[in-house]
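Presented below is the structure to which this report refers.
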2 protein chains.
Amino acid sequence: MQRDTQQRRAIRRAFLDAANPLTPDEVLSRAQGVMPSLGIATVYRNLKLLTDEGWLAPVELPGDSIRYEIAARPHHHHFVCRQCSQAFDVPGCPPGVERLAPRGFTVDSHELVLFGRCAACA
Amino acid sequence: MQRDTQQRRAIRRAFLDAANPLTPDEVLSRAQGVMPSLGIATVYRNLKLLTDEGWLAPVELPGDSIRYEIAARPHHHHFVCRQCSQAFDVPGCPPGVERLAPRGFTVDSHELVLFGRCAACA
DNA sequence: ATATGTGCAAACTCTTTGCATGGAG
DNA sequence: CTCCATGCAAAGAGTTTGCACATAT
């Protein structure tokens with residue numbers, strides 16, 4: 001069974017407070033605000049655990065480490081700022097995306113990433 | 001100035017012969033067919049160099065190492081097979097993709113990745 | 001002849017794992 | 001009191017860099 005440790009609670013809190021997908025490092029520094037002794041290995045272990053559990057979903061955006069976000073969010077995509085390299089959520093999805101696949105290929109999911117400058121870095 | 005070494009020629013050949021974007025490792029093993037003494041460090045150095053030159057373009061598909069492809073190709077996207085983890089080119093692009101960005105954000109490029117089973121792994 | 005390019009090995013970064021200790025139940 | 005979870009440090013994977021030697025020009 002799963003224990004409700006301070007570390008795990010701090011990590012979950014980090015995601016609940018975040019508006020964007022977070023890298024392991026971002027999770028570490030945010031969660032250390034509450035739990036300063038937290039180590040990076042624990043972060044990785046919990047990211048894996050919370051993902052297996054279905055609470056987190058991996059967001060594999062190019063360029064950086066893998067990020068994670070709370071799984072129970074509606075379908076959306078991401079914008080990555082080339083300046084500050086933060087990831088932002090983008091609502092919506094272009095229709096008909098799955099139909100681009102070549103004949104004989106089966107699409108089970110897709111990821112769309114926009115690159116550019118975020119409002120703060122513009 | 002740039003020297004036309006056997007190694008560099010073997011690396012360029014690997015891309016000219018490939019139909020898909022290649023990871024550094026894939027480049028190494030293909031180019032070693034022609035140049036067996038080729039080392040991975042040389043591959044990395046040349047990938048960087050050919051990219052800076054504009055001959056290659058990085059394709060940062062999630063999940064794996066970064067891949068590269070010849071830059072002078074028409075705009076297209078990619079399909080990644082979850083079984084064999086190869087990347088395939090997908091012609092076409094859904095219209096209006098750039099308009100998904102939030103107000104105040106500037107889009108300079110985008111990447112669309114489809115995931116699933118390729119024809120061979122289906 | 002000269003300076004760029006290469007191969008090797010060491011350094012680095014990111015992630016995972018082993019092991020003794022700590023804390024939730 | 002038990003066992004799962006944590007922290008630390010070491011081990012792995014992928015990538016980059018320093019240095020002496022090779023080679024394209």
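In the text below, chain A, chain B and the rest are named by the order of the sequence lines, each starting its count at 1. Remember, it's a predicted structure, so these values are computed and weren't measured experimentally.
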What distance separates A:L100 CG from B:H78 NE2, expressed to the nearest 0.5 Å?
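Nearest 0.5 Å value for the CG-NE2 distance: 12.5 Å.
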Under 4.0 Å, heavy atoms only, any strand: does [X] hit a base, just the sugar-phosphate, or nothing?
{"X": "B:R45", "result": "base"}
{"X": "A:D4", "result": "sugar-phosphate"}
{"X": "B:N46", "result": "sugar-phosphate"}

Whether B:H110 and B:H77 hold their rings parallel, tilted or perpendicular, with breakpoints at 30° and 60°
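The arrangement is tilted - the two ring planes meet at 30° to 60°.
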Once you round it to whole Å, what is the distance between [atom2] of [N] and [atom1] of [X]?
{"X": "B:L28", "N": "C:dT6", "atom1": "CG", "atom2": "P", "result": "13 Å"}
{"X": "B:D52", "N": "C:dG5", "atom1": "CG", "atom2": "P", "result": "12 Å"}
{"X": "A:R8", "N": "C:dA24", "atom1": "CZ", "atom2": "P", "result": "12 Å"}
{"X": "A:R9", "N": "C:dG23", "atom1": "CZ", "atom2": "C1'", "result": "12 Å"}
{"X": "B:I40", "N": "C:dA10", "atom1": "CD1", "atom2": "P", "result": "18 Å"}
{"X": "B:I66", "N": "D:dA13", "atom1": "CD1", "atom2": "P", "result": "21 Å"}
{"X": "B:Y68", "N": "D:dG14", "atom1": "OH", "atom2": "C1'", "result": "12 Å"}
{"X": "B:Q6", "N": "C:dT4", "atom1": "CD", "atom2": "C1'", "result": "15 Å"}

Between the base of C:dT4 and the side chain of B:R3, is there a donor and acceptor pair under 3.5 angstrom?
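Per atom types, the contact qualifies.
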Sort out for me which residue in A:L47, A:L49, A:V43, A:T42 forms a side chain to side chain contact (heavy atoms under 4.5 Å, CB included) with A:R45.
A:T42
Heavy-atom nearest nucleotide on DNA chain D taken for B:Q7 and for B:D25; more 5' hit belongs to B:D25
Is a salt bridge present between A:D52 and A:K48, judged by a nitrogen-to-oxygen distance below 4.0 Å?
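Judged by the 4.0 Å cut-off on N to carboxylate O distance, A:D52 and A:K48 do form a salt bridge.
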Salt bridge A:R30-A:D17, side-chain N to carboxylate O under 4.0 Å:
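No.
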So does B:T42 get a side-chain nitrogen or oxygen closer than 4.0 Å to the phosphate oxygens (OP1/OP2) of C:dG7?
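For B:T42, the contact criterion (side-chain N or O under 4.0 Å from OP1 or OP2 of C:dG7) is met.
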Do any side-chain nitrogens or oxygens of B:S37 fall under 4.0 Å of OP1 or OP2 in C:dG7?
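Yes, B:S37 has a side-chain N/O under 4.0 Å of OP1/OP2 on C:dG7.
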Quick note, A:T5 side chain, CB onward, closest among D:dT6, D:dA24, C:dT17 is D:dT6
